[in-house]
Amino acid sequence: MSQTPPQSEPRDRWDSRTAFVMAAIGSAVGLGNVWRFPGKVYEGGGGAFFIPYIVALITAGIPLMILEYGIGQLFQGSAPKALGRLNRNYEWVGWFSLCVGGVISFFYAVVMAWALIFLVDSVWCAFSGAVPWGDAPAVYFKERVLAASRAPGERWDLHWPLVACLAAIWVAVFLIIYKGVRRVGRVVLVTVPLPVILLGILAIRGLGLDGAIAGVEYYLNPDFSKLGDPDVWISAYGQVFFSLSLGFGILIAYASYNKRRGDVTNNAFITSLANCATSFLAGFVVFSVLGFLAFKEGCPVEDVAVDTGGGGLAFITYPTAIAKLGEYGAFWPPLVAILFFLMLLSLGIDSLFSIVEGVVAGLHDRFRFLTRGRVTAIMCGGGFLAGLLFATRAGGDWIDQFNAWADYGLVFVGLMECLVVGYFFRTARLEHYINQVSEIHLGGWWKLCIRLIVPLTLVVILAAALLEKIEKQPASKPPPAQAASAESAPGAVKAARAEEAPAGRKEDDETKAWLEFAGYVSVAAFFGLFVISFLLGRRWGLLCIVGLGVVSYCLFSIWLTRPASLAGALVLMILFGGLGVCVAIAVRGKDVEHHERTHGWPEREKRLHLAPDDDTDDE
């Protein structure tokens, strides 16, 4: 008598389509919409930047979001499970996306803890009619928020106010997601509209400031000469890719909680356009304030000292403007400060718990013996402990180094998704499914984007970033991560460091050694994510090739310089690793007969490869 197979636990579901769309928008709209997008516009020719930005949205952002929604909803699984069902050999890509997202969540939560310190201090000082940073937000950020120090005896010390805020952030994430997406769906009905409302209030207040119109004019007035600069186009594609939460595995996991008959394409259009509309609104908030600062300083908007590289807009520039609002009434500085940092927190929390949800979904799909609550507790507890590294007094250095490599991982995941779907899976099957369930039907443009435009664009972005790293390395050739950190660091960290020493002063040997150590650790951690992904994806051959490369590099580095050692290790990985894989395939007998014995032949393959009289064994 045959036994009935055990019934699998039913997959969690969204309460409604609205809940899913709101959660996806909340994931896409994050802190980068407030400081990264306005910074790109500031550098990219004002209103002219919107041309490559919209082109990038149509040719890369929306097609890739449709892809992630489609495979998540069709295969009903997290990123590793869905990609594994799509092609068993590429399950590890899903794990790699979750590993990168997990590492990002560790320091993203710390950035949110910075905003929480600003918010708590602003509330505390509200009744005095002042802001806690006074006229020196950079000093406040460095000494109060970061407590930054590179001294050997202090760099490992924890900054306890930051640790307390970090714990509060992770507790909030746990409470939101541990019971599943039904609770998430209820939370996002509040946390997604709230920052948009606060942005609207701040935009109205900003437009009433002296000089605000000049800032908005700079924001919208196009400088078409910038369109001839390839860097502007690369920047636009990069902004679209990163701001839509592509490559994290989040959207695949969220879509897997839909029923298979749910819409795909229209949901992707709604999510993408809502995200970009929020960025556009944030531009009015930021540029009205830049116009106000230009008015106060008596200079053109383009001459205002703005750190466009990252969080300096949020933690230095905007607080500088807030402190100057006292002339409009004593209540304005604390009120705007509270609204602004509450807005940052509400933006950030949606993105953070969505990243964590993607990781939890992947682990829960793989380790079914663990309840969802336990997996969530493990992830949140581990995230808090890992985040302590970034809450030390040298935490800014660690964020610099890890942030420098995180974007590469996301670009790599997006590239692999396009290649797997475009060339190792019947793309027509996925397109047919999406058209069956969607309100907006796909045409040939989608396959063209997935197979050609998006992969080429991501390769160009990746190559341009790597070349920029190489060009910016000093003659002494420190580790690549060290050379990249100055450009890719959150702007607030760089701005705060500007207060430490006069411009042009060289760091002493001890500080250089410390940064070199941090660079090595971040690089090792980044490549360690590949090892973890190969292990979870059970790609033993790839794991052996990576091991061969690491051992070769270590041996070469005993006698050779770092570039020569790296080149030798890569060649060994490609040649000897490839040879080993081919020999292993031959030993395992992966030929036609083995495939037939193991998997059977599809009828279409039988007709193609077997003569009529060869079919007798199947009868």
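Atom set for the values below is all heavy atoms of this structure, side chains included, hydrogens, waters and symmetry mates excluded. No experiment lies behind these values; they were computed from the predicted model shown.
- Side chain of Gln76 to backbone of Asn258: a donor-acceptor contact under 3.5 angstrom is found.
- Under the ring pair (Phe, Tyr, Trp, His ring centres under 6.0 Å) criterion, Phe402 pairs with Phe390, sequence neighbours left out.
- Annotation: side chain of Trp95 is in contact with side chain of Arg366 (closest heavy-atom distance under 4.5 Å).
- Here the side chains of Asp350 and Val29 are not in contact, with every heavy-atom distance at 4.5 Å or above.
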Worksheet item: Passes ring-ring contact (aromatic ring centres under 6.0 Å, His included), Tyr254 versus Phe248? Steps please.
Response: CA-CA 11 Å; Tyr254 272 5; Phe248 285 92; over 10 Å; no
Worksheet item: Which is it for Tyr90 and Leu419 under the side-chain contact (heavy atoms from CB on, under 4.5 Å) test, yes or no, and what are the steps along the way?
Response: CA-CA 10 Å; Tyr90 298 100; Leu419 295 178; over 6 Å; no
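- Closest non-hydrogen pair, Gly61 versus Val240, comes out as CA-CG1, 3.6 Å.
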Practice prompt. Given side-chain contact (heavy atoms from CB on, under 4.5 Å), test Trp114 with Leu162 step by step and report yes or no.
Written response: CA-CA 7 Å; Trp114 297 349; Leu162 187 59; 3.6 Å; yes
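- Contact annotation: the side chain of Asp231 never approaches that of Glu43 to less than 4.5 Å [non-hydrogen atoms, C-beta and beyond].
- The CD1 atom of Ile250 sits 11.0 Å away from atom CG of Leu244, with the distance rounded to the nearest 0.5 Å.
- Taking both residues in full, the closest heavy atoms of Ala391 and Val163 are given as CB-CG2, 4.0 Å, listed atom of the first, atom of the second, then distance.
- Note that CG of Asn267 and OG of Ser272 are 10.5 Å apart. Values are rounded to the nearest 0.5 Å.
- Between Trp398 and Phe517, the angle of the ring planes goes over 60°, which puts this pair in the perpendicular group of the 30/60° scheme.
- Listed by chain and number, the residues in a side-chain contact (heavy atoms from CB on, under 4.5 Å) with Ala79 are Ser97, Leu98, Ile252 (sequence neighbours excluded).
- Of the listed residues (Val411, Leu64, Leu67), just one forms a side chain to side chain contact (heavy atoms under 4.5 Å, CB included) with Leu246, and that residue is Leu64.
- Between the side chain of Ser351 and the backbone N or O of Ser27, at least one donor-acceptor pair lies under 3.5 Å.
- Annotation: the span from Tyr257 atom OH to Glu357 atom CD amounts to 4.0 Å, rounded to 0.5 Å.
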Discussion item. Let's go through Thr271 and Tyr69 carefully: what are the C-alpha distance in whole Å and the side-chain angles of both, what is the deciding distance for side-chain contact (heavy atoms from CB on, under 4.5 Å) to 0.1 Å, and is it a yes or a no?
Written reply: CA-CA 11 Å; Thr271 305; Tyr69 279 177; 3.0 Å; yes
Worksheet item: Taking it one step at a time, do Trp35 and Tyr318 satisfy ring-ring contact (aromatic ring centres under 6.0 Å, His included)?
Response: CA-CA 10 Å; Trp35 68 57; Tyr318 208 91; over 10 Å; no
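- Every pair passing side-chain hydrogen bond (donor to acceptor under 3.5 Å, both in side chains) that includes a residue from residues 174-189 is listed here, sequence neighbours excluded: Asp15-Arg182.
- Counting heavy atoms from C-beta on, the side chains of Thr457 and Phe241 never come closer than 4.5 Å.
- Taking the six-membered ring for Trp and thresholds of 30 and 60 degrees, Phe341 and Phe315 have nearly parallel ring planes, at less than 30 degrees apart.
- Other residues, nucleotides and ligands contribute only 12 or fewer heavy atoms inside 6.0 Å of the CZ atom of Arg374.
- Although no hydrogens or angles enter the test, the distance criterion places no donor-acceptor pair under 3.5 Å between the side chain of His159 and the main chain of Ala394.
- Under 3.5 Å, the side chains of Arg36 and Ser243 contain no donor-acceptor pair of N or O atoms.
- Inter-residue side-chain proximity for Ile66 and Ile62 is flagged as met; some heavy-atom pair is nearer than 4.5 Å.
- A distance of 12.0 Å separates CD of Glu68 from OG of Ser256, quoted to the nearest 0.5 Å.
- Judged by distance alone, with hydrogens and angles left aside, the side-chain atoms of Arg372 form a donor-acceptor pair with the main-chain N or O of Ile177 at under 3.5 Å.
- Atom CZ of Phe106 sits about 9.5 Å away from atom CG of Leu385, to the nearest 0.5 Å.
- Looking only at side-chain heavy atoms (C-beta outward), Met343 and Val34 come within less than 4.5 Å of each other.
- Shortest non-hydrogen contact noted between Val173 and Cys380 is CG1-SG, 4.1 Å.
- Below 30°, between 30° and 60°, or above 60°: for Tyr53 and Phe37 the angle between ring planes is between 30° and 60°, a tilted geometry.
- For Trp170, there are no ring pair (Phe, Tyr, Trp, His ring centres under 6.0 Å) partners, not counting sequence neighbours.
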Worksheet entry | Evaluation steps, ring-ring contact (aromatic ring centres under 6.0 Å, His included), between Tyr140 and Phe118 | CA-CA 10 Å; Tyr140 170 85; Phe118 270 93; 5.1 Å; yes
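- The shortest distance between side-chain heavy atoms of Val454 and Thr59 does not fall below 4.5 Å.
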Fill in: side-chain contact (heavy atoms from CB on, under 4.5 Å) between Leu198 and Leu194, intermediate numbers included
CA-CA 6 Å; Leu198 294 176; Leu194 177 61; 4.1 Å; yes
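- Rounded to the nearest 0.5 angstrom, Ile399 CD1 and Leu146 CG are separated by 7.5 Å.
- The shortest side-chain heavy-atom distance between Ser105 and Met379 falls under the 4.5 Å cut-off.
- Shown here are the ring pair (Phe, Tyr, Trp, His ring centres under 6.0 Å) partners of Phe534, two or more places apart in sequence or in another chain: Trp92.
- Counting all heavy atoms, side chain and backbone alike, Leu119 lies closest to Leu342 at CD1-N, 4.1 Å.
- Listed here is the closest heavy atom pair of Pro80 and Gly362: CD-CA, 4.4 Å.
- Remark: the Asp365 side chain and the Ser78 side chain contain an N/O donor-acceptor pair separated by less than 3.5 Å.
- Put simply, the side chain of Asn403 never gets that close to the backbone of Asp400: no donor and acceptor are under 3.5 Å apart.
- Here the closest non-hydrogen pair linking Leu352 and Ala109 is CD2-CB, 3.9 Å.
- Applying the salt bridge (Lys or Arg N to Asp or Glu O under 4.0 Å) definition to pairs two or more places apart or across chains, those involving residues 385-394 are Glu154-Arg393.
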